[in-house]
Amino acid sequence: MKLSFNPYELMLKHTFTVSSYSRNSTPDVQVQIEYDGLTGYGEASMPPYLGHSVKSVCDFLSKVDLSGFPDPLFIEDIMEYVDSLSEGDAPAKAAIDIALHDLAGKIMGQPLNRLWGYNPAKAGDTTFTIGIDTPDVVRAKTLECAGMFNILKVKVGLDTDEQMIRIIREVTDVPLAVDANQGWKDRQKALDKICWLHEQGVVMVEQPMPRENLDGNAWLTERSPVPIFADEAIQRLKDIPSIKGAYSGINIKLMKCTGLLEARKMITYARAEGMKVMVGCMTETSCAVTAAAHLSPAVDFSDLDGNLLISNDRFIGMTVKSGRMVLPTGPGLGLQLL
Ligand code: MG
């Protein structure tokens, strides 16, 4: 197996704002693993707030030596080795994991969802995210995407929450998901807000309060009329026990959890604990977004719009038709290089 990688800056179509920062591009590293005439594609996307960089990802990938692994199908063994190389570096590990899965699917001649027994007809809808912005921009963005998606995700967490929702509701009545990105500090105010949001057709809330405030999030989950999902509070499989009971569900992202192998274990574990599961993404090309989309038949919500936010995608993969995700049918991830 031959591993290669190159930095690839993702250019955002619009400035992206959540409750804590704004940005116009996202650093990214594209990864290829070649084996027996086949190429598996992977990707590491590094939104700045997670503390990773192009340098940290390239440094990590330079340490990876796959020469001891003659068979790319033994992904458990390979990822155990890759994971042992450092404590963190989840995006770099995810890039290798995604490329290995793409390669494995190509060797087997089947799309990943099919190898896992997931029915692509159950891929369902994806949310499309509206960031925090001025009223005019929120209205314009909602008008632009209304009719194309069956559920929208709204970034909240600032004083403008009610205004944002009212503007969106002037344009569309589709169900809404909201993501506070830890922006709400007072639990009673957060609950009041969630009850109001519920009346506005909000069907789920992501990370309402800071991740350190386990009791506050648990208090909300107990009282909320809609499910509360952990995002910033959950990275990997080993984190699930520590948040049990504090949230209704978890948001699995490949860049947080080191890839598809661990993501599938997280789905199983969360289900065993009676938790809901959503799969999310960072700003990514269709490579990592499509990898996550292959998990979508197995989860409750999919938030896979990261590829739609960039102007320099490298691939065609999962597509969205009438708001529903259509998984590619080619082997592995099923990507076409643009
Ligand atoms: Mg989130």
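Hydrogens, waters and symmetry mates play no part in the numbers below; they use all other heavy atoms, side chains included. Index from 1, following the sequence. Every number for a ligand or one of its atoms is a count from 1 in the order of the listing.
Between the Mg ion (ligand 1) and the N, O or S atoms of D179, the shortest distance is to OD2. When distances from the Mg ion (ligand 1) to the N, O or S atoms of D231 are compared, OD2 comes out shortest. The atom of E206 that is an N, O or S and sits closest to the Mg ion (ligand 1) is OE2.
Placement of M278 and V299 in two distinct hydrophobic clusters is found when ILVMFWY residues are connected by side-chain heavy-atom separations under 4.5 Å, directly or transitively.
Summarising the local packing, CZ of R264 is surrounded by more than 12 heavy atoms from other residues, nucleotides or ligands at distances under 6.0 Å.
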Is there a side chain to side chain donor-acceptor pair (under 3.5 Å) between Q200 and R169? Walk through the geometry before answering.
CA-CA 8 Å; Q200 307 306 312; R169 277 290 171 252; 5.3 Å; no
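A parallel orientation is assigned to the rings of F128 and F149, their planes being inclined by less than 30° (bins at 30° and 60°).
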